[in-house]
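The block underneath contains the structure these notes are about, expressed in structure tokens.
What's counted below: heavy atoms across the whole structure, side chains too, no hydrogens, waters or symmetry copies. Computed from a predicted model, the values in this text were never measured in an experiment. Both ligands and their constituent atoms are indexed starting at 1 by order of listing.
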Amino acid sequence: MDTAVMLFTRDLRVHDNPALAAACAAARHVVPMFVFDEALLPASPNRVRFLVDALRDLDGSLRALGGGLLLRRGDPVAETVRVAGRAGAQAVFLSGDVSRYAARRLARLERECEAARIGVSALPGATVVPPGALAPAGGDHYKVFTPYWRAWEAAPRRPAAALPDRVAPPPADGLTDRRCPDGHVELDVVAEKFAAGASPDLLAGGEAAGRERMRRWLDEGLPGYGDGHDDLAGDRTSRLSAYLRFGCVSPLELAAAARGRPGGEPFVRQLAWRDFHHQVTAAFPDIGRRDYRPRDRRWHDDADALDAWREGRTGLPIVDAGMRQLRREGWMHNRARMISASFLTRNLRVDWRHGLAHFGAWLTDGDVADNAGNWQWVAGTGNDTRPNRVLNPLRQAARFDADGAYVRRYVPELAGLDARDAHAPWRLPPEDRRALPYPAPILDPEP
Ligand SMILES: Cc1cc2nc3c(=O)[nH]c(=O)nc-3n(C[C@H](O)[C@H](O)[C@H](O)COP(=O)(O)OP(=O)(O)OC[C@H]3O[C@@H](n4cnc5c(N)ncnc54)[C@H](O)[C@@H]3O)c2cc1C
């Protein structure tokens, strides 16, 4: 074939990108493009910030291979069909994705490309094992993690896709010529308009940063993962989630590199959790809207409590520390996510969809499958086999922040207290308590 369009979505890498590799193998000329989707841009300044970094980096990598990234803003389907038409492309390549939005986008793209006699190929790459590749007897997807994990471990892996030797743009196509100045202006414009208010301590996005973090993690962090991953203050997890979310790092390469190393098994298991939620979402695209397993929970409408939770002023230090970490870093430790989500849905009895929306607005790694899958898991409406599990915040604090360092780091009002008081400032003598500029608990913390 003469020309193909490579439509990047959230697979922002050149290494192990099956769609890019297939486009380059199938066509003499390739137009790599990305469309800022007007419907998604306002969702989260943190993710826009990370995305802009990742696109700059991707553009640099593609230029080094011969062709830079064409940027467009608007409806991704209309823009892709327009670019493919102008470039005289015979096919569009992209990575498959699982959200309801992505599934509808692909269906529309296929319809409109078919009308224009352009082929569409959606390839795997977003997960280690593609959603839908594994199914239990008599079902279309796994509903429980442990059997999924067993099947996942034994499942065959695709070979990693080769880095293309060259991404050759079409000769003088009138598209790529104007790409460079427009593209960079566009990134600045998007960042200014949609990344305003991003968290101050965000990680830098992009494949180069992601691969460097992956390399260091595998060498230095992984061996301590089994013992350290729940240590809130120790910060001993990979922080690769946003790179995985935007496809800056290949989950297949990461899992293959971690497997068999010390610390590898518990870490690879977490990557399997990610795949698990993706295959649930592919089968139940309403995961962000409806209970996966309806439990007839009665939710409590309490706008003040919800605001206090969002802003990290519930008066429960371990909850507030997590919620403030989220705002400061656009990321929260997994254990803190579980504690704060349990507090919202189990103690305050607020609907999990409010928590999901808040996390969705701030998490750089926020995505439908993992965010909604985990919220429903904690709320007891999802895939947890023990749906009545409630995490006691004080016991969790004593166990996972025993010396209070996490709380003191993110709740500076409590910085001068020892662990016992930092986790339960309401127990202080009344005059000490009154002197603390920290709120009283919004519900009885020790009923
Ligand atoms: C309420 C709630 C909401 C969450 N929302 C998201 C989200 O939107 N996006 C997201 O990537 N993760 C989400 N998680 C899962 C988990 O908290 C993060 O993946 C993890 O904290 C990211 O940090 P890390 O990269 O250092 O993880 P590590 O511990 O280093 O784990 C490695 C990778 O495994 C995957 N992973 C780990 N735990 C989980 C899990 N429980 N479910 C799915 N994948 C997992 C992630 O891709 C992660 O980067 C959520 C968890 C909870 C309890």
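- The proximity of L363 to ligand 1, defined as any non-hydrogen pair under 4.0 Å, is limited to the side chain.
- The protein non-hydrogen atom at the shortest distance from atom 33 (C) of ligand 1 is L271 CD2, 3.8 Å.
- Here R389 pairs with D384 in a salt bridge; the nearest charged N to carboxylate O distance falls below 4.0 Å.
- With respect to atom 16 (C) of ligand 1, the closest heavy atom belonging to the protein is N334 OD1, 3.3 Å.
- Counting protein heavy atoms only, atom 30 (O) of ligand 1 is closest to S238 OG, 2.6 Å.
- Under the 4.0 Å criterion applied to side-chain N and carboxylate O atoms, R108 and D75 are assigned as salt-bridge partners.
- Ion pairing of D401 with R408 is absent here, as no side-chain N (NZ or NE/NH1/NH2) approaches a carboxylate O to less than 4.0 Å.
- Ion pair D307/R310 flagged as a salt bridge, since at least one NZ, NE, NH1 or NH2 atom sits closer than 4.0 Å to an Asp/Glu carboxylate oxygen.
- Ion pairing of D421 with R427 is absent here, as no side-chain N (NZ or NE/NH1/NH2) approaches a carboxylate O to less than 4.0 Å.
- In this structure, atom 24 (P) of ligand 1 lies nearest to the protein heavy atom R239 N, 3.5 Å.
- For ligand 1, the atoms sitting less than 4.0 Å from at least one non-hydrogen atom of W331 are 22 (C), 23 (O), 26 (O), numbered in the order shown with element in parentheses.
- Between F284 and D291, the closest heavy-atom pair is CZ-O, 3.6 Å.
- In summary, E253 and R211 engage in a salt bridge, as defined by a charged side-chain N under 4.0 Å from a carboxylate O.
- Once rounded to the nearest 0.5 Å, the distance linking OG of S342 with CG of N392 reads 9.0 Å.
- Of the protein's heavy atoms, S241 CB, 4.2 Å lies nearest to atom 19 (O) of ligand 1.
- A salt bridge is defined here as a Lys NZ or Arg NE, NH1 or NH2 lying under 4.0 Å from an Asp or Glu carboxylate O, and R158 with D16 meets this definition.
- Distance from atom 32 (C) of ligand 1 to its nearest protein heavy atom, with residue and atom name: F267 CE1, 3.3 Å.
- Relative to atom 15 (C) of ligand 1, the option among N374, N371, D235 with the closest non-hydrogen atom is N374.
- Heavy atoms of W377 found under 4.0 angstrom from ligand 1: none, in either backbone or side chain.
- Ligand 1 places these atoms under 4.0 Å from at least one heavy atom of L244: 47 (O), 49 (O).
- Scanning the protein for heavy atoms near atom 31 (O) of ligand 1, the closest one is Y225 OH, 3.7 Å.
- With atom 53 (C) of ligand 1 as the reference point, the heavy atom nearest to it among M338, Q376, Q270 is part of M338.
- In H277, the part holding a heavy atom less than 4.0 Å from any atom of ligand 1 is the side chain.
- Nearest to atom 13 (C) of ligand 1 among the protein's heavy atoms is R337 NH1, 3.2 Å.
- In this structure, L316 CG and M323 CE are separated by 12.5 Å, a value rounded to the nearest 0.5 Å.
- Contact annotation: for D365 versus ligand 1, heavy atoms closer than 4.0 Å belong to both the backbone and the side chain.
- Any N or O atom pair closer than 3.5 Å counts here, and W375 shares no such pair with ligand 1.
- For the pair R346 and W352, the NZ or CZ position fails the cation-pi test of under 6.0 Å to the six-membered ring centre and within 45 degrees of the ring normal.
- Residue-ligand proximity, D367 to ligand 1, at heavy-atom distances under 4.0 Å covers atoms 8 (O), 9 (N).
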